[in-house]
Amino acid sequence: MAGLNDIWAVDYIRIDKNRDSIFDSNINDMAFQYPSPSLLKRYYAMPFSHFDSTHVKDSLTLSIKNNFINPTTDIADKYVAEITNDNNNIANYFGPSRDYLPLTTNIEKYPLFPIPTTYSDDTVILEVNYSYEVSAEDLSNTTIIKNNSLKHKQIFSNYFAYDDGTPERGYWVTGSDDYRLAVGYNLSHADTLRAIKMQFTPIKSDINAALFSIVVWKKIELGTNTEEIIYQHDNLTMADLVKEYGYDTINGFLYYNIREDFITDNNYDFPLVLEDSFYVGLIVYNKNTLTVGFDMNNNKKEYNYYMHTKVGSATAFKWFQSDFSGTMIINPILGKALEGYITSINNHKKYNIKIYPNPAKKYIHLSGITNESQIDIFDLNGSIIQSFRTTQDRIINIENLLPAMYVIHARNIVTNESGSLKFIKTNE
């Protein structure tokens, strides 16, 4: 199979050595089957300034697979919800003890909870830890028991997203030059569009050869070619986009910064302030050169749109909703002026921070802080792991991080200097 079609997520591999594979073929394991979904009805992530209680789902559904062949297997589940900014515990849930039939998939609905709206931080992170206990697994090894827990970080930052940041497929329009791709969003109040965050997946060819436009639409009319473009920057290539921190992240996120010269509607000034609904996306000039990352796990196709421009096609030069379950990874970034990790590092004063030790097991020492500073720790997927402010050098606890490489970014709020460093979390 080609491209992203053959990605697998493997919990563990069971080897036949010293095992009777005929009489011991079942796996004595109960496991969460899928990543936990967003707590929000429409978006996977959104700015906190646009959030209110109407955005929260009434309940959240998780799937638990019972791989035991016993007649019944008992389970007792729970979750704990905490705002990581200040370690504020906001909810606890304890489910009743109950039995699962053997070899069954069990869909569980968890009641949700009010999310506080009083925070004023740039980024608010709500972490929900789901877990359960299974008495039949009391003697199981730690690898199997790890499947009994699931963590979700609900991010409220400066961007909207329908996707979880991971592409399972790629999205493009076949056989058509100058085709259009757009993703629609809605604002609760007027806000400033600062940048567009995208993920491209090199499935069909080298995406560095692609030529495209970045476009912002105020209006798209389905079934017609009617559109209202308020921003358009033509003849772009991958080299015109900015890597986060200047580094390659696992999923290859790239940023385009909104610029004054490319506002096409005289009713709009710079910075570009939007209201109500709008659309962000691309015009791709040459077919088979550009593939947008496509998240299959979050089906928001009703907010994904395309225009086919192949001459002679029955759908040519008309806007349509996407037919495919999932969502393109094209996210608008809004709010105040951008920090240095999004714009080109060469254009900003450098904040000379240092960290040690590196690699580190439990703690890292952050030094070089000269004024009040915003500190963010990201994984290489681009997800925020920790976020806080400090006025002095700090010792940061990383004991709960998984072994991996991370990026720590610091912005001096007084001087607007920015600095980013990679570090490795190890268990050694």
Which residues share a ring pair (Phe, Tyr, Trp, His ring centres under 6.0 Å) with Y171, sequence neighbours left out: F294

Separation between CG of N352 and CG of N412, rounded to the nearest 0.5 Å: 11.0 Å

R169 NZ/CZ over F324 ring centroid, <6.0 Å and within 45° of normal: no

R42 charged N/C atom sitting above Y303 aromatic ring, 6.0 Å / 45°: yes

Check: N299 side chain, G326 main-chain N or O, donor-acceptor pair, under 3.5 Å: yes

Side-chain donor-acceptor pair present, Q374, D376, cut-off under 3.5 Å: yes

Criterion side chain to side chain contact (heavy atoms under 4.5 Å, CB included) against I196, the qualifying member of N331, L282, L254, V216: V216

is_close_aromatic(F278, Y231), centroid dist under 6.0 Å: no

E260 side chain vs F270 backbone, donor-acceptor pair below 3.5 Å: no

Ring pair (Phe, Tyr, Trp, His ring centres under 6.0 Å) partner of W319, chosen from Y306, Y305, W217, Y179: W217

Note, Y406 side chain near I398 side chain (heavy atom, < 4.5 Å): no

Test item: S38 side-chain N/O and L40 main-chain N/O as donor-acceptor pair under 3.5 Å: yes

Gap separating the CZ atom of F378 from the CD1 atom of I408, nearest 0.5 angstrom: 11.0 Å

Under the side chain to side chain donor-acceptor pair (under 3.5 Å) test, residues paired with Q321 that sit two or more places apart: none

L60 CG to H152 NE2 distance, which is reported to the nearest 0.5 Å: 8.0 Å

Y132 side-chain N/O to A31 backbone N/O, donor-acceptor pair under 3.5 Å: yes

Ring center gap for Y162 and Y43 short of 6.0 angstrom: yes

Exercise: do N267 and D265 side chains pair donor with acceptor under 3.5 Å: yes

Short side-chain to backbone donor-acceptor contact, D29 and N67, under 3.5 Å: no

Exam field: side chain Y351 to backbone T370, donor-acceptor pair closer than 3.5 Å: yes

Separation of K300 NZ from S322 OG (nearest 0.5 Å): 14.0 Å

Residues Q392 and T390: side-chain donor-acceptor under 3.5 angstrom: no

Backbone N/O of Y44 and side chain of Q154: donor-acceptor pair under 3.5 Å: yes

Any side-chain donor near an acceptor of the partner, T327 and N304, under 3.5 Å: yes

Over 12 non-hydrogen atoms of neighbours within 6.0 angstrom of NZ in K109: no

Note: K336-D122 ion pair, threshold 4.0 Å (strictly below): yes

Any side-chain heavy-atom pair of V80 and N89 under 4.5 Å: yes

Test item: D393 side-chain N/O and I369 main-chain N/O as donor-acceptor pair under 3.5 Å: yes

Check: S157 side chain, Y159 main-chain N or O, donor-acceptor pair, under 3.5 Å: no

Between CG on residue D191 and CG on residue L272, distance to nearest 0.5 Å: 10.5 Å

Flag if over 12 foreign heavy atoms under 6.0 Å of CD, Q232: yes

Between CG on residue L112 and CG on residue D58, distance to nearest 0.5 Å: 8.0 Å

Side-chain (N85) to main-chain (S387) donor-acceptor, under 3.5 angstrom: no

